[in-house]
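In what follows, every chain begins at residue 1, and chains take the letters A, B, ... in the order their sequences are listed.
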There are 2 protein chains.
Amino acid sequence: MSEITLDVRIVVFSLDEDTLQVLLLPCGEAPDCWTLPGGPVQVDESLEEAAGRALDNRVDREQVYLEQLYTYGEPQRVPARRLVSVSYFALSPANARCAARTESERWYPLEKVPGLVHDHAEIVKYALRRLRYKLEYSAAGFQLLPDEFTLSELQHTYEIVLGEKLDKRNFRRRILQSNIIEETNHLRTGEGQGRPARLYRYRPDAVAEVKARRLFP
Amino acid sequence: MSEITLDVRIVVFSLDEDTLQVLLLPCGEAPDCWTLPGGPVQVDESLEEAAGRALDNRVDREQVYLEQLYTYGEPQRVPARRLVSVSYFALSPANARCAARTESERWYPLEKVPGLVHDHAEIVKYALRRLRYKLEYSAAGFQLLPDEFTLSELQHTYEIVLGEKLDKRNFRRRILQSNIIEETNHLRTGEGQGRPARLYRYRPDAVAEVKARRLFP
DNA sequence: ATAATAGTGTCTCTCAGACATTATTTA
DNA sequence: TAAATAATGTCTGAGAGACACTATTAT
């Protein structure tokens, strides 16, 4: 207890059907105890690289959006150690999930998250708050979807994350006039009965715009 | 270069007449090189305590608002060392400044900030962005004023920080209906010619509200 | 033709921004 | 009474939210 050590912890969100899920790992120590993915920061890597490394073989990093959240450093947050954790949240499309090789990881619906070590439950709670806030002002919801998606799918994503129904016409107007996404020529067809839906993608240059506008470095 | 060390850095804002100022310290190494106040985190103190400690004898901590900003950890941000810095921003009323005991500290107007070590200039820039953003949505400007203040003073604060003139009636309406501040019975009188202005203070229980609403833990 | 989902427009109300005059004090 | 600052209300335009019907496909 004489040294301060540093790690990163990532709250990875992904959407499965009708639930928002979080990636958790068994913490090893106790039987029914889980932890957020993460780990120590190497001397020659950035914090963000450390966070990305912790996601290797769990999600496809290329497709994952990553943003720093908050740094937790209360002296007593981890028993018998002085650990400071830089937390991140990540948004992963469902198709960017890697096949879980072992029982060493599991996606949990947010309402069914089991007991977590230390203050990780608090970190998850805060990450969710920030995610909801982000959706309200920034149309970032598409980060939870594959490259091409329908407006209904996007709206559904928003409804799941925000936990409330949205008006279809208002939603479409708002999203479209934000200018973050654009039409493609493709239709989603054969996916069920009903009229096929137009597919959209986010505008490649919108990424730069979002970064320019973004509140956090 | 085999260990990661941790410190905190604080961007302390204060208002002097017509300029927004930042507290800087000489960095010791070079002659015209300055640094943000801060320092290493002790093993038994929280990050916020470490930040507060760095402000001792510089401002009256009781009166200072402190909020975590971002954690900087690029491997190359500090030459020959692996230093991770948790940054904070602080808002200090002018009357909470302590008398500078030595030449070891100086308040600089934002437009005249001298050369800073490492990435401290970037940290200042980001802190200002966050401060401006905060004022736009949260009426936090009163943290730069003494306990009691007039609406004109508050508006002036906003104008300095945001760098633009504001409409008096719209400003008053907006601030008052946010319900963050309340009238006192006092008037500011004898301060010059002109009609005396009513003094306001922020509502004691508004502090709790702001914290509840706040985006950052 | 029926069931299922996609796609579209209008009205209303609230809120933000522009704007000028009266009120109260000191010198 | 002149100069200085405080205090106050209205109009207008833009945007947000409520709301229902038509279009296109598969079975």
Flag side-chain contact, heavy atom, 4.5 Å: Leu154(A) against Tyr200(A): no

Heavy-atom side-chain contact between Leu24(B) and Thr35(B) under 4.5 Å: no

Whole-Å gap separating P (dG7(C)) and CD (Gln155(A)): 11 Å

Proximal nucleotide (of dA6(C), dG17(C), dG9(C)) relative to the Arg173(B) side chain: dG17(C)

Main-chain N/O of Val161(A) paired to Arg132(A) side chain as donor or acceptor, under 3.5 Å: yes

Nucleotide dA16(D), atom P - distance to CD1 of Ile175(A) in whole Å: 12 Å

Residue Arg169(A), side-chain atoms from C-beta onward, closest of dT8(D), dT8(C), dT26(C): dT8(C)

Length of the CG-C1' vector between Leu199(A) and dA6(C), whole Å: 12 Å

Sugar-phosphate only, base, or nothing, as touched by Gln177(A) at under 4.0 Å among non-hydrogen atoms: sugar-phosphate

Residue pair Val84(A), Thr71(A): steps toward the side-chain contact (heavy atoms from CB on, under 4.5 Å) verdict: CA-CA 7 Å; Val84(A) 171; Thr71(A) 299; 3.5 Å; yes

Sugar-phosphate only, base, or nothing, as touched by Arg174(A) at under 4.0 Å among non-hydrogen atoms: nothing

Nucleotide dA18(C), atom P - distance to CD of Glu164(B) in whole Å: 10 Å

Under-4.0 Å side-chain N/O to phosphate OP1/OP2 contact, Arg172(B) with dA7(D): yes

Distance, rounded to the nearest Å, where Leu166(A) contributes CG and dA18(D) contributes P: 10 Å

Whole-Å distance separating the CG atom of Leu187(B) from the P atom of dT5(D): 17 Å

Distance test, side-chain N/O of Ser152(A) to OP1/OP2 of dA6(C), below 4.0 Å: yes

Proximity to the side chain of Asn170(B) - top-ranked nucleotide from dT24(D), dA4(C), dC19(C): dC19(C)

Arg77(A) and Leu83(A): CA distance, side-chain angles, deciding distance, side-chain contact (heavy atoms from CB on, under 4.5 Å) verdict: CA-CA 8 Å; Arg77(A) 61 181 286 271; Leu83(A) 180 65; 4.1 Å; yes

Separation of atom CZ in Arg195(B) from atom P in dT25(C), rounded to whole Å: 7 Å

Residue closer to the 5' end of DNA chain C, Thr189(B) versus Lys168(B) (nearest nucleotide): Lys168(B)

From dA7(D), dA6(C), dC19(C), nucleotide with atom closest to Asp167(B) side chain: dC19(C)

Gap between atoms CZ and P, on Arg198(A) and dA23(D) respectively (whole Å): 17 Å

